[in-house]
Visitor: 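Below is a structure I'd like to ask you about.
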Amino acid sequence: MVSMRITLRLLLVASVAACTPMVPSTPPGPVTQTPAPQAEIPPAEPQTPPVTAPAAQTDLSNAYNAVSFDAWREDFLNRYGGERRWEYARELQNVTPNASVIRLDRNQPEFSRPAGTYIQNATAPARIAMARQRVNRVPASVTQRFGVPAEILMGIWAQESAFGAVQGDFDVIRSLATLAYDGRRRQWAEEQLKHALDIVVTGKRSREGLKGSWAGAMGQTQFMPDNYLRLGIDQNGDGVVDIWGSDADALASAANLLAQGGWKRGQGWAYEVTLPSGFDYTQAEGPKHNWAYWQSRGVRLTNGQQLNEAEMAEEATILLPQGARGPVFLALPNHYVIRRYNNSVSYALAIGLIADGVMGKPALTASWPNDGPLTREQRIGAQTALTKMGYDTQGVDGVIGANTRAALRRWQAANGRTADGYLTDTLAEELIRRAR
């Protein structure tokens, strides 16, 4: 029995460690939690501050340029300090960049591993069993107040911190300062850094206790600093929003975030479907339509599932997370609400499928293809190649998001391929060769 508990803990730790939140290139919407890479949602025009880190220093692999970091810090204090400049300067005084943060930022698993690999790891039977055991820890008042099912909150709790066991031990202020100095997602990182500093200087949390992931996400449900300040809930009524030590506070805060993001009570998040032969794959991840439209195109639900009346009226999208060869989903609005937490298709599917498992719903009928991972060089190379060949990916950042998938669909359609927008390692190498 002891060995089983150890095995389950190792499984959870390994899985959560591979699911660190993402950092966006531009400031997200008002309830965005673990923010999205720019390719997932087209970003606003970047706003670059006056001081930028030299290109040679962005990986921080050996050392950092103290002069440029000090210059960035001074510039940050000038722009964001205001009346709290002295207090911000005190907290940043001995901060240096963390090379591990940059390395992890460049290799986020939601976008480097195939969806099936990520999702199967996240939805392992041991994890679902543990979620099922803990589902009663969600206070009934939380589900009643916010309308978010306990099963969905279990998925987030499991995926973000292994039910509170793996919250991250990075200094949040140092992590965000590193990301801001690096400059790849500077505006967002600087704003989050300001919020993190505010948490400390206003006494809401001590500097020593402000620990989290490499991306600055904190606590059992991995809240970013801005959302901790705006959306954190003191569920147990002790006068403190403690998303680190209080299960109730953490789960209520997550429910509040999803509710503020537009969660629709009484509706699911997605359904597995099958597509007819000859389906126009260019419609996938495109305009949303109601269920009657998709039915008229030959789309069918699996496992005898049925949409309720409200779901049938919703505008929904066809998702192909691993291309035409993998499972296919009809994504309802609540799928996109989950992506307000972490704007990754793989992440949102993992949360939903954990919730389905907790509820005892049938497993997927389709199998995940056994594709290999994409290296950063392959992702950047494929984006560069597509853009060079006239299929603009709206940026080259190594994140295979919606813009890159749309560009790939156009290339596939023009070259007689199944236009499912799915990039494999083999296809990436082909694109790179063709663009030379």
Visitor: Closer than 4.0 angstrom, basic N to acidic O: yes or no for Glu74 and Arg79?
Guide: no
Visitor: Give me the atom names and distance for the closest heavy-atom approach of Leu364 to Glu272.
Guide: CA-OE1, 3.3 Å
Visitor: Distance check, rounded to the nearest 0.5 Å: Arg137 atom CZ versus Phe163 atom CZ?
Guide: 9.0 Å
Visitor: Going by atom types alone, do Gln383 and Thr404 pair a side-chain donor with an acceptor below 3.5 Å?
Guide: yes
Visitor: A side-chain contact here means heavy atoms from C-beta on lying under 4.5 Å apart; do Pro114 and Tyr422 qualify?
Guide: yes
Visitor: Check whether Gln235 reaches the backbone of Val241 with its side chain - one donor and one acceptor, N or O, closer than 3.5 Å.
Guide: no
Visitor: For the pair Asp171 and Arg207, find out whether any cationic side-chain nitrogen is under 4.0 Å from an anionic carboxylate oxygen.
Guide: yes
Visitor: Indicate yes or no: at least one non-hydrogen side-chain atom of Arg145 is less than 4.5 angstrom from one of Ile233.
Guide: yes
Visitor: For Lys361, does the NZ atom sit with more than 12 other heavy atoms under 6.0 Å from it, leaving out its own atoms?
Guide: yes
Visitor: Is it the case that Lys194 places NZ or CZ above or below the six-membered ring of Phe76, under 6.0 angstrom from the centre and within 45 degrees of the axis?
Guide: no
Visitor: When rounded to the nearest 0.5 angstrom, what is the spacing between CZ in Arg379 and CG in Leu423?
Guide: 10.0 Å
Visitor: Can you list the residues that meet the side-chain hydrogen bond (donor to acceptor under 3.5 Å, both in side chains) rule with Asn236, with sequence neighbours excluded?
Guide: Ser246
Visitor: Does Asn308, at its CG atom, have more than 12 non-hydrogen atoms belonging to other residues, nucleotides or ligands within less than 6.0 Å?
Guide: yes
Visitor: Got a second to check how far Ile128's CD1 is from Gln133's CD, nearest 0.5 Å?
Guide: 12.5 Å
Visitor: Report yes if the side chains of Arg127 and Gln159 come closer than 4.5 Å at any heavy-atom pair, otherwise no.
Guide: yes
Visitor: Check whether the side chains of Gln283 and Trp294 place a donor and an acceptor atom closer than 3.5 Å, and report yes or no.
Guide: no
Visitor: When you check the gap from the basic side-chain N to the acidic O, do Asp105 and Arg184 get nearer than 4.0 Å?
Guide: yes
Visitor: Regarding Gln120 and Thr123, do their side chains bring together a donor and an acceptor under 3.5 Å, going by distance alone?
Guide: no
Visitor: Does NZ or CZ of Arg297 lie under 6.0 Å from the centre of the six-membered ring of Tyr293, at an angle within 45° of the ring axis?
Guide: yes
Visitor: Ignoring hydrogens and angles, tell me if any N or O in the side chain of Glu151 forms a donor-acceptor pair with the backbone of Val358 under 3.5 Å.
Guide: no
Visitor: Taking Arg113 for the side chain and Pro373 for the main chain, is one N or O donor matched with an acceptor at less than 3.5 Å?
Guide: no
Visitor: Counting only N and O atoms by type, is there a donor-acceptor contact under 3.5 Å from the side chain of Trp244 to the main-chain atoms of Lys211?
Guide: yes
Visitor: When you check the gap from the basic side-chain N to the acidic O, do Asp247 and Arg134 get nearer than 4.0 Å?
Guide: no
Visitor: How close do Tyr281 and Leu320 get, heavy atom to heavy atom, and via which atoms?
Guide: CD2-CD1, 3.4 Å
Visitor: Between the side chain of Arg174 and the main-chain N/O of Pro97, is any donor-acceptor distance below 3.5 Å?
Guide: yes
Visitor: State, to 0.1 Å, how close Ala316 and Leu332 come at their nearest heavy-atom pair, and which atoms those are.
Guide: CB-CD2, 4.1 Å
Visitor: With rounding to the nearest 0.5 angstrom, report the CG to CG distance, Asp226 to Leu193.
Guide: 12.0 Å
Visitor: Return yes if some donor-acceptor pair links the side-chain N/O of Asn303 with the main-chain N/O of Ala363 below 3.5 Å, else return no.
Guide: yes
Visitor: Might you point out which heavy atoms bring Ser175 and Ser213 nearest each other, and give the distance in Å?
Guide: OG-O, 3.9 Å
Visitor: With a 4.5 Å heavy-atom cut-off, do Trp368 and Thr117 have their side chains touching?
Guide: no
Visitor: Can you measure from OG1 (Thr178) to CG (Leu104) and round to the nearest 0.5 angstrom?
Guide: 11.0 Å
Visitor: Flag the pair Asp420 / Arg325 as yes when at least one side-chain heavy-atom distance between them is below 4.5 Å, and no otherwise.
Guide: no
Visitor: Within this structure, what is the CG-OG1 distance for the pair Leu374 and Thr424, rounded to the nearest 0.5 Å?
Guide: 7.5 Å
Visitor: Classify the side-chain pair Asn78/Arg85 by whether it contains a donor and acceptor separated by less than 3.5 Å.
Guide: yes
Visitor: Taking the side chain as everything from C-beta on, heavy atoms only, tell me whether Ile400 gets closer than 4.5 Å to Arg405.
Guide: yes
Visitor: Check this for me: does any side-chain nitrogen of one of Asp242 and Arg205 sit under 4.0 Å from a carboxylate oxygen of the other?
Guide: yes
Visitor: So, does Asn290 use its side chain to make a donor-acceptor pair with the main chain of Met312 at under 3.5 Å?
Guide: no
Visitor: Is any NZ, NE, NH1 or NH2 atom of the basic residue among Arg84 and Asp198 found under 4.0 Å from an Asp or Glu carboxylate oxygen of the other?
Guide: yes
Visitor: State which residue, out of Leu330, Ile351, Leu319, Thr317, fulfils the side chain to side chain contact (heavy atoms under 4.5 Å, CB included) condition with His335.
Guide: Leu319
Visitor: Assess whether side-chain contact (heavy atoms from CB on, under 4.5 Å) is satisfied between Arg73 and Tyr88, documenting all intermediate values.
Guide: CA-CA 10 Å; Arg73 177 168 47 199; Tyr88 288 2; over 6 Å; no
Visitor: Might you point out which heavy atoms bring Ser253 and Ile243 nearest each other, and give the distance in Å?
Guide: OG-CG2, 3.9 Å
Visitor: Taking the side chain as every heavy atom from C-beta outward, state whether Leu197 and Tyr80 have any pair of such atoms under 4.5 Å apart.
Guide: no
Visitor: Is there a donor-acceptor pair closer than 3.5 Å between any side-chain N or O of Gln305 and the backbone N or O of Thr302?
Guide: yes
Visitor: Quick check: does any side chain N or O of Gln167 sit under 3.5 Å from a backbone N or O of Gly164, one acting as donor and the other as acceptor?
Guide: yes
Visitor: Please report whether the ring centroid of Phe223 lies less than 6.0 Å from that of Tyr228.
Guide: no
Visitor: Without hydrogens or angle criteria, can the side chains of Gln222 and Ser161 be said to hold a donor-acceptor pair below 3.5 Å?
Guide: no
Visitor: Might you point out which heavy atoms bring Ala407 and Thr393 nearest each other, and give the distance in Å?
Guide: CB-CG2, 3.9 Å
Visitor: Report the C-alpha separation of Trp214 and Phe170 in whole Å, then their side-chain angles, then the decisive distance to 0.1 Å, and conclude whether the ring pair (Phe, Tyr, Trp, His ring centres under 6.0 Å) test is met.
Guide: CA-CA 6 Å; Trp214 62 264; Phe170 284 82; 7.9 Å; no
Visitor: Under the 3.5 angstrom rule, does the side chain of Asn334 hit a backbone N or O of Gln267 as a donor-acceptor pair?
Guide: yes
Visitor: Tell me, which pairs form a salt bridge (charged side-chain N to carboxylate O under 4.0 Å, His left out) where one or both residues lie in residues 301-321, sequence neighbours left out?
Guide: Lys264-Glu314
Visitor: Measure the shortest side-chain to side-chain distance between Ile156 and Leu258 over non-hydrogen atoms and say whether it is less than 4.5 angstrom.
Guide: yes
Visitor: Using a distance-only test with no angle check, is there a side-chain donor-acceptor pair under 3.5 angstrom linking Glu190 and Tyr181?
Guide: no
